[in-house]
Enquirer: 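I have a structure I would like to understand better, so I am pasting it below and will then ask my questions one at a time.
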There are 2 protein chains.
Amino acid sequence: MAAARVYKHPETGDIAIPRVMFALSEPLRLSMVQLLSERGEVDSVELGPDLPRSTLTHHTSLLRESGVVFVRAEGRQCMIQLRRDDLETRFPGLLDTVLHGYQESNPGMAEA
Amino acid sequence: MAAARVYKHPETGDIAIPRVMFALSEPLRLSMVQLLSERGEVDSVELGPDLPRSTLTHHTSLLRESGVVFVRAEGRQCMIQLRRDDLETRFPGLLDTVLHGYQESNPGMAEA
DNA sequence: ATGCTTGTGCGAGAATAGTCGAACGATATG
DNA sequence: CATATCGTTCGACTATTCTCGCACAAGCAT
């Protein structure tokens with residue numbers, strides 16, 4: 001058995017504001033986060049069905065390295081989820097405020 | 001009387017999350033905002049006494065254009081203040097959360 | 001094992017952002 | 001008016017980020 005894909009994540013205490021802010025400063029990533037917030041854990045592809053895979057990996061990696069999302073391998077796909085609790089612990093209210101504020105200007109963006 | 005320097009600011013309703021997030025993703029600008037939060041209105045130079053003026057203008061302009069600060073000419077200097085109320089109206093709690101979270105990792109940074 | 005699918009790493013190119021010196025316009029002071 | 005001081009603009013350079021094609025490795029099915 002070979003070691004499956006393993007992803008490095010920052011410790012909760014190491015999640016830094018500037019990194020998080022930067023991660024959430026891109027509309028594309030912001031949309032991803034918003035979708036994650038609505039759906040819970042999703043297949044990475046759902047975050048950008050039309051994007052080239054290498055571009056998708058780029059953004060999911062950035063979100064992961066900044067501490068915003070948790071990534072795990074599931075077979076050959078990878079599943080992504082928000083680190084809600086960790087973010088809430090570290091920066092209470094931040095995520096909700098940002099998502100609420102963004103949603104306001106992007107109504108009806110990721111509807112089921 | 002020539003028209004004094006006039007600065008363009010986005011309307012409160014036009015302040016957008018991605019821009020704000022980006023503005024606050026730079027440690028330097030974050031520090032400026034933190035200092036503004038403590039001091040109220042300050043001379044622009046106080047935001048970066050050691051920086052080249054053109055660099056200072058660059059960052060204050062970015063903060064202004066993103067809707068984070070309000071700038072007004074005062075003689076030949078310029079005075080900067082946080083758009084606290086506007087930001088609170090638009091994204092309630094955001095500023096406090098961010099500053100609190102940043103302060104935590106940068107204790108004792110702009111002490112009087 | 002062969003073939004298919006999926007994510008990742010690498011590299012190149014384009015776009016964006018940061019830094020800073022120099023020249024300029026505007027304002028205050030002598 | 002002459003001069004000094006301030007902020008702005010411009011241009012150049014560097015650094016970072018974004019995008020994406022391509023090759024590769026890992027997982028699943030036949």
Side-chain angles (χ1 to χ4, degrees), chain A residues 1-9 16-33 35-36 41-81, chain B residues 1-9 16-33 35-36 41-81:
Chain A
M1 70 172 190
R5 277 173 300 165
V6 168
Y7 298 94
K8 265 186 39 176
H9 297 81
I17 277 280
R19 299 279 298 258
V20 173
M21 299 303 272
F22 184 75
L24 301 182
S25 70
E26 279 267 330
L28 180 55
R29 287 191 293 263
L30 215 33
S31 301
M32 291 175 173
V33 169
L35 193 145
L36 282 167
E41 189 177 48
V42 305
D43 184 319
S44 68
V45 166
E46 292 194 56
L47 296 181
D50 303 332
L51 276 74
R53 291 300 150 82
S54 49
T55 302
L56 188 57
T57 298
H58 171 72
H59 289 293
T60 55
S61 297
L62 199 151
L63 286 169
R64 170 176 54 81
E65 287 161 12
S66 65
V68 175
V69 304
F70 179 79
V71 182
R72 69 183 177 85
E74 174 73 24
R76 48 191 158 174
Q77 294 126 313
C78 68
M79 304 297 288
I80 322 265
Q81 57 184 315
Chain B
M1 69 172 190
R5 277 172 300 163
V6 167
Y7 298 93
K8 264 188 36 176
H9 297 80
I17 277 279
R19 298 280 297 260
V20 173
M21 299 302 274
F22 183 75
L24 301 181
S25 70
E26 279 267 330
L28 181 53
R29 288 191 293 262
L30 216 31
S31 301
M32 292 177 173
V33 169
L35 193 144
L36 283 168
E41 190 176 48
V42 305
D43 185 318
S44 69
V45 166
E46 293 195 55
L47 296 181
D50 302 333
L51 276 79
R53 292 298 149 83
S54 50
T55 301
L56 188 55
T57 298
H58 172 72
H59 289 293
T60 55
S61 297
L62 199 152
L63 286 170
R64 170 176 54 80
E65 288 161 13
S66 65
V68 176
V69 305
F70 179 80
V71 182
R72 67 183 178 87
E74 174 75 23
R76 49 191 160 175
Q77 295 126 309
C78 68
M79 305 296 288
I80 322 265
Q81 57 183 315

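Keep in mind the model is a prediction, meaning the values are calculated, not measured. Atoms considered below: every heavy atom in the structure, side chains included; atoms not considered: hydrogens, waters and symmetry mates. All chains are named by letter (A, B, ...) in the order of the sequence lines, taking the proteins before the strands, and each is independently numbered beginning at 1.
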Enquirer: Less than 4.5 Å apart, any side-chain heavy atom of E65(B) and any of K8(B)?
Expert: no
Enquirer: Using atom names, set out every protein N or O paired with an N or O of nucleotides 11-16 of chain C below 3.5 Å, distance rounded to 0.1 Å.
Expert:
none

Enquirer: Identify each atom pair where a protein N or O and an N or O of nucleotides 1-5 of chain D are less than 3.5 Å apart, giving names and distance.
Expert:
| from | atom 1 | to | atom 2 | distance (Å) |
| --- | --- | --- | --- | --- |
| dT5(D) | O4' | R76(B) | NH1 | 3.4 |
| dT5(D) | O2 | R76(B) | NH1 | 3.2 |

Enquirer: Does a side-chain heavy-atom distance below 4.5 Å link R29(B) with V69(B)?
Expert: no
Enquirer: Kindly assign one of parallel, tilted or perpendicular to the pair F22(A) and F22(B), based on the angle between their ring planes and the thresholds 30° and 60°.
Expert: tilted
Enquirer: How long is the line joining CZ of R72(B) and P of dT27(C), in whole Å?
Expert: 15 Å
Enquirer: So, do V71(A) and H9(A) sit near enough that their side-chain heavy atoms are less than 4.5 Å apart?
Expert: yes
Enquirer: In whole Å, what is the span from the CG atom of L47(A) to the P atom of dT6(C)?
Expert: 15 Å
Enquirer: For residues M79(A) and D43(A), determine if any side-chain heavy atom of one lies less than 4.5 Å from a side-chain heavy atom of the other.
Expert: yes
Enquirer: Can you tell me if R5(B) uses its side chain to pair, donor with acceptor, with the backbone of G75(B) under 3.5 Å?
Expert: yes
Enquirer: Mind running side chain to side chain contact (heavy atoms under 4.5 Å, CB included) on M32(B) and L56(B) for me, showing each step along the way?
Expert: CA-CA 10 Å; M32(B) 292 177 173; L56(B) 188 55; 3.8 Å; yes
Enquirer: Under 4.5 Å between any side-chain heavy atoms of V45(A) and R53(A), yes or no?
Expert: yes
Enquirer: Between C1' on dC18(D) and CD on E65(A), what's the gap in Å once rounded to a whole number?
Expert: 15 Å
Enquirer: Would you say S44(B) places a side-chain N or O within less than 4.0 Å of OP1 or OP2 belonging to dC6(D)?
Expert: no
Enquirer: What does the list of N/O pairs under 3.5 Å between the protein and nucleotides 19-21 of chain D look like, with a distance for each?
Expert:
| from | atom 1 | to | atom 2 | distance (Å) |
| --- | --- | --- | --- | --- |
| dT19(D) | OP2 | H59(A) | NE2 | 2.4 |
| dG21(D) | N7 | S54(A) | OG | 3.3 |
| dG21(D) | O6 | S54(A) | OG | 3.2 |

Enquirer: Side chains of H58(A) and L51(A), heavy atoms from C-beta outward: is any pair under 4.5 Å?
Expert: no
Enquirer: Just the rounded figure in Å: distance from P of dG25(C) to CD of Q77(B).
Expert: 21 Å
Enquirer: Do the side chains of L63(A) and L47(A) get nearer than 4.5 Å, heavy atoms only?
Expert: no
Enquirer: What integer distance in Å separates R29(B):CZ from dT19(C):P?
Expert: 8 Å
Enquirer: For a quick test of reading the model: is some side-chain N or O of Y7(A) closer than 4.0 Å to OP1 or OP2 of dT8(C)?
Expert: yes
Enquirer: Using the closest heavy atom to pick a nucleotide of DNA chain C for each, name whichever of L62(B) or R53(A) lands nearer the 5' end.
Expert: R53(A)
Enquirer: Nearest whole angstrom, please: distance from the P of dC18(D) to the CG of L30(A).
Expert: 13 Å
Enquirer: Could you tell me how far apart L56(B) (CG) and dA17(C) (C1') are, to the nearest whole angstrom?
Expert: 17 Å
Enquirer: Is there a side-chain contact between I80(B) and R64(B) (heavy atoms, below 4.5 Å)?
Expert: no
Enquirer: D43(A) has an atom CG; how far is it from atom P of dT6(C), in whole Å?
Expert: 9 Å
